[in-house]
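Data block below; observations after.
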Protein chains: 2
Amino acid sequence: MNQALICPRFEKAMSLMSQRWTGLVIYQLLTGPKRFCTLESSIGISGRVLSERLKDLEHQGIVKRAVYPETPVRIEYSLTEKGEALEPVMREIEKWSQTWLPNEMK
Amino acid sequence: MNQALICPRFEKAMSLMSQRWTGLVIYQLLTGPKRFCTLESSIGISGRVLSERLKDLEHQGIVKRAVYPETPVRIEYSLTEKGEALEPVMREIEKWSQTWLPNEMK
DNA sequence: TATAATTACTTACATAAAGTAACTAAGTGA
DNA sequence: TCACTTAGTTACTTTATGTAAGTAATTATA
């Protein structure tokens, strides 16, 4: 009795976005390429999970990894076209949060 | 060294949306009020977690619960105005998924 | 020359979140 | 009285995430 079955593509997108931290990682990358340690400290995610998420996002073609053999080595993560295409989603979440969530009080 | 700190309201919205199942529950409620068992079977969520999520969403003013003392009792969950306001977010996720995710093959 | 520093991770272990399946309560109906 | 239905809850298991220490490569410092 599966009355209203959900589009599998939507379901997949949602399961992606509903992984803890994934949204914030993408959001941070919307402002340009970022290094591992920068993402780690700005988001407050643990290195263990960040590493896992970045690998996953890379496999899904949402994030790309670039190695610059400087000293010390610099590795930058950025969004692919597929990743950049998530910007409207982020903008709508931003709009909603500004309309419906209270401003933090001091 | 917190270089690019994220807006706390956005962060809160994102932590909401990135809870497992929450997005799908809201998505299902966009098409009208639903009962517990309907959500349970259409989403594939366990009763234990669905109960938890609905309580949480109710506390946040996103979902409302209505009791109809029929036989057997009917309880319907629906979106508040705040919940309905998440529709554009869902539409953008839907659009993205249709553009960027492959159609399931048989 | 040995020690320390930096970045980008990985590993082992602890805690929190989610899944599973059985159970409860209230109200019929057979 | 026993069974059926809905809307949960409870106890227990599995999975996901957090924490903190460790690794490898390269250079800087004492």
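Lettering of chains follows the sequences in order, A, B, ..., and the numbering in each one begins at 1.
Protein atom CH2 of B:Trp21 is 12 Å distant from nucleotide atom P of D:dA16, rounded to whole Å. Between the P atom of D:dG8 and the CD atom of B:Glu52 lies a distance of 14 Å, rounded to the nearest Å. Atom CG in A:Leu50 sits about 15 Å away from atom C1' in D:dT19, given to the nearest Å. Per the geometry, CZ belonging to A:Arg74 stands 17 Å off P belonging to D:dT26, to the nearest Å. Counting to the nearest Å, the C1' atom of D:dA24 and the CD1 atom of A:Ile75 are 12 Å from each other. Between the P atom of D:dG8 and the CG atom of B:Leu54 lies a distance of 8 Å, rounded to the nearest Å. Rounded to whole angstrom, the span from the OH atom of A:Tyr68 across to the P atom of D:dA25 amounts to 22 Å. Spacing between atom CG of B:Leu39 and atom C1' of D:dG8 amounts to 14 Å, rounded to whole angstrom units.
Taking a 6.0 Å sphere around CD of B:Glu70, one finds it holds more than 12 heavy atoms contributed by other residues, nucleotides or ligands.
Counting only heavy atoms from C-beta on, B:Arg48 has its side chain closest to D:dA11 among D:dG18, D:dA11, D:dA7. Candidate nucleotides D:dT19, D:dA7, D:dT17 were compared by shortest atom distance to the side chain of A:Arg53, and D:dT17 ranks first.
Remark: side-chain polar atoms of A:Arg9 are not paired, donor with acceptor, to backbone N or O of B:Thr99 under 3.5 angstrom. Between the side chain of A:Arg53 and the backbone N or O of A:Arg20 there is at least one donor-acceptor pair closer than 3.5 Å. When atom types are taken as modelled, the side chain of B:Ser41 and the backbone of B:Cys37 share a donor-acceptor pair closer than 3.5 angstrom.
Protein chain A touches strand DNA chain C; the 5'-most and 3'-most nucleotides with an atom under 4.0 angstrom of its non-hydrogen atoms are C:dT7 to C:dA12.
Considering only side-chain N and O atoms, B:Lys55 lies nowhere under 4.0 angstrom from the phosphate OP1 or OP2 of D:dA7. Listed pair B:Arg65 / D:dG8 meets the phosphate criterion, a side-chain N or O lying under 4.0 Å from OP1 or OP2.
The aromatic rings of A:Phe36 and A:Tyr77 are tilted relative to each other, their planes meeting at an angle between 30° and 60°.
By the 4.5 Å heavy-atom criterion applied to side chains, B:Leu39 and B:Leu54 are counted as neighbours. Looking only at side-chain heavy atoms (C-beta outward), A:Pro88 and B:Lys95 stay at 4.5 Å or farther from each other.
Of all heavy-atom pairs between B:Lys82 and B:Gln60, the closest is NZ-O, 2.8 Å. Across every non-hydrogen atom of B:Gln19 and B:Asp56, the tightest pair is OE1-OD2, 3.9 Å.
Along DNA chain D, the nucleotide nearest B:Ser51 and the nucleotide nearest A:Gly44 are compared for position; the residue whose nucleotide lies closer to the 5' end is B:Ser51. Each of B:Gln19 and A:Glu40 lies near DNA chain C, and the nucleotide nearest A:Glu40 is the one positioned closer to the 5' end. Where A:Ile45 and A:Glu70 meet DNA chain D, the nucleotide closest to each residue was compared, and A:Ile45 sits on the side nearer the 5' end.
One axis for each end of the helix from C:dT1-D:dA30 to C:dA30-D:dT1, each built from five base pairs, and the angle between them comes to 30° at 10° resolution.
For A:Lys64, the side chain to side chain contact (heavy atoms under 4.5 Å, CB included) test picks out A:Ser78, A:Thr80, with sequence neighbours left out.
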